[in-house]
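Reviewing the structure listed below.
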Amino acid sequence: MAMFCRTATLLLKNARAVPATIYAARQYSSGGQYEYLLVEKRGEKQDVGFIQLNRPKALNALCDGLMLELGKALDVFEADGQVGAIVLTGSERAFAAGADIKEMQNRTFQECYSGNFLAHWNRVSTVRKPVIAAVNGFALGGGCELAMMCDIIYAGEKAQFGQPEILLGTIPGAGGSQRLTRAVGKSLAMEMILTGDRINAQEAKQAGLVSKICPADQLVSEAIKCGEKIAANSKIVLAMAKEAVNSAYELNLAEGNRLEKRLFHASFATEDRKEGMTAFVEKRKASFQDK
C-alpha cells in the first residue's frame with residue numbers, strides 16, 4: 001500500500017510538471033504565439049534571449065502587431081530568471097526598414113493624439129535587462145529608432161542607418177530626434193533628419209552610434225557572445241549598472257554622480273558584490289547567484 005501511495009504521488013507530481021514544461025516551451029515558440037517574430041533562448045547556458053523580427057516580404061516594417069508582439073516577448077524574457085541579456089535582430093537584408101507606412105497613411109491628428117500613437121514602442125527602452133541590437137541591412141526610420149532604444153548596437157558591414165521621415169512629410173516619432181542627437185551629436189543628427197540621408201556602418205561607428213562592426217554572417221553570433229559575457233555577471237548588479245549609464249543621458253553631472261554613488265553603495269547590500277570581491281581576493285572565478 002505504501003509503495004502504491006509513493007508511486008501515485010510521483011505520477012501526480014510528474015503530471016503537474018508536464019503542463020509547466022509545455023507552457024515554458026510555448027513561451028519561446030515562434031509558432032502560434034508569435035506571427036511576426038522568432039523567439040528562443042540561445043547561448044551555451046541558454047541565458048541569452050533571442051528575438052528576430054520576421055516580416056521578410058515587408059523588410060521587417062514595424063506594424064502595430066509586430067510591436068505588440070515584441071513587447072510581449074520582452075516581458076517573457078524580463079520575467080525569466082535564467083536570461084541575463086537579450087539580442088534583437090532582423091534579417092541580413094533589413095533589421096527594420098521603418099514603420100509600416102500603410103498603417104499610418106490615413107491616420108488623423110485626433111487618432112494619433114487621443115490614442116497616444118507609438119507610445120507602446122518605447123517598451124524596448126524600459127527593459128531592465130541589457131538589450132543588444134544586431135543590425136544587418138536597413139535600419140531606417142522606426143528601425144533606426146528601435147535599434148537606438150537598445151543598449152548596445154552591433155552592425156553588419158553593409159548596415160545602413162537613417163531617419164528619412166522628412167521625405168514623407170513628417171518627422172521621427174519614436175525618439176529619433178532625441179536619441180540620434182545624443183548618440184552622434186547635433187550636426188550629424190540634424191543633417192540626417194533634415195535631408196533623410198543615410199550613414200553606413202563605418203560612419204555610424206565613427207560617430208559613436210554603434211560599438212562594433214562584424215561580417216554580416218557573423219553578426220548574430222558575435223552579438224550572442226556579447227550577451228553571454230554580460231549574462232555571466234550578477235543580474236541584479238547589471239540592472240544597477242544599466243540604470244547608472246542611462247542616467248548620464250538625462251541628468252546633469254552632479255545629479256548623475258549622486259545616482260551612481262547611491263547605486264554603488266546599494267551593490268554592497270547584495271550577496272553577489274561580496275562574492276565578487278571575495279573571489280577576486282582568493283584568485284578564483286566568482287559564482288554569482290543573482291542575490
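Think of Met277 as one node in a network of Ile, Leu, Val, Met, Phe, Trp and Tyr side chains linked at under 4.5 Å; its network also takes in Phe264, Phe268. With a 4.5 Å cut-off between side-chain heavy atoms of Ile, Leu, Val, Met, Phe, Trp and Tyr, the cluster of Ile166 takes in Leu167.
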- Would you please test Leu53 and Leu146 for side chain to side chain contact (heavy atoms under 4.5 Å, CB included) and show each step? CA-CA 11 Å; Leu53 309 184; Leu146 180 62; 4.0 Å; yes
- Message: With side chain to side chain contact (heavy atoms under 4.5 Å, CB included) as the criterion, how do Asp64 and His120 come out once you've worked through the C-alpha distance, each side chain's angles and the decisive distance to 0.1 Å?
- Response: CA-CA 9 Å; Asp64 195 55; His120 62 287; 2.9 Å; yes
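Screening residues 136-166 for ring-ring contact (aromatic ring centres under 6.0 Å, His included) gives no qualifying pairs among residues at least two apart or on separate chains. Evaluation of the side chain to side chain donor-acceptor pair (under 3.5 Å) test over residues 129-145, restricted to residues two or more places apart or in two chains, returns none. Applying the side chain to side chain donor-acceptor pair (under 3.5 Å) test to every pair with at least one member in residues 44-60, sequence neighbours left out, gives these pairs: Arg55-Asp100.
Note on Met148 and Leu70: same hydrophobic cluster, where clusters join Ile, Leu, Val, Met, Phe, Trp and Tyr whose side-chain heavy atoms are under 4.5 Å apart, directly or indirectly. Taking hydrophobic clusters as Ile, Leu, Val, Met, Phe, Trp and Tyr residues chained together by side-chain heavy-atom distances below 4.5 Å, Leu219 shares a cluster with Ile152. No continuous path of ILVMFWY side-chain contacts below 4.5 Å connects Leu140 to Leu88, so the two sit in separate hydrophobic clusters.
Legend: residues meeting salt bridge (charged side-chain N to carboxylate O under 4.0 Å, His left out) with Arg198, ordered by chain and number and at least two apart, are absent. Asp197 is linked by a salt bridge (charged side-chain N to carboxylate O under 4.0 Å, His left out) to nothing, counting only residues two or more places apart in sequence or in another chain. For Lys242, the salt bridge (charged side-chain N to carboxylate O under 4.0 Å, His left out) partners two or more places apart in sequence, or in a different chain, are Asp151. The side chain to side chain contact (heavy atoms under 4.5 Å, CB included) search around Asn106 returns none, not counting sequence neighbours. For Val48, the side chain to side chain contact (heavy atoms under 4.5 Å, CB included) test picks out Val87, Ile224, Glu228, with sequence neighbours left out.
Across all their heavy atoms, Gly49 and Val83 have their closest contact at N-CG1, 3.6 Å.
Here Phe77 contributes atom CZ and Lys72 contributes atom NZ; the two are 13.0 Å apart, rounded to the nearest 0.5 Å.
Judged by the 6.0 Å and 45° rule, Arg182 forms no cation-pi pair with Tyr249.
More than 12 heavy atoms of other residues, nucleotides or ligands shown are found within 6.0 angstrom of CG on Leu194.
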Could you list the donor-acceptor pairs under 3.5 angstrom formed between side-chain atoms of residues 234-241 and any protein atom two or more places apart in sequence or on another chain?
residue : atom : partner : partner atom : Å
Ser234  : OG   : Val237  : N            : 3.4
Ser234  : OG   : Asp272  : OD2          : 2.6
Lys235  : NZ   : Asp290  : OD2          : 3.2

Can you list, pair by pair, the side-chain donor-acceptor contacts under 3.5 Å of residues 205-215, counting residues two or more places apart and other chains?
residue : atom : partner : partner atom : Å
Ser211  : OG   : Ile153  : O            : 3.4
Lys212  : NZ   : Glu222  : OE1          : 3.1

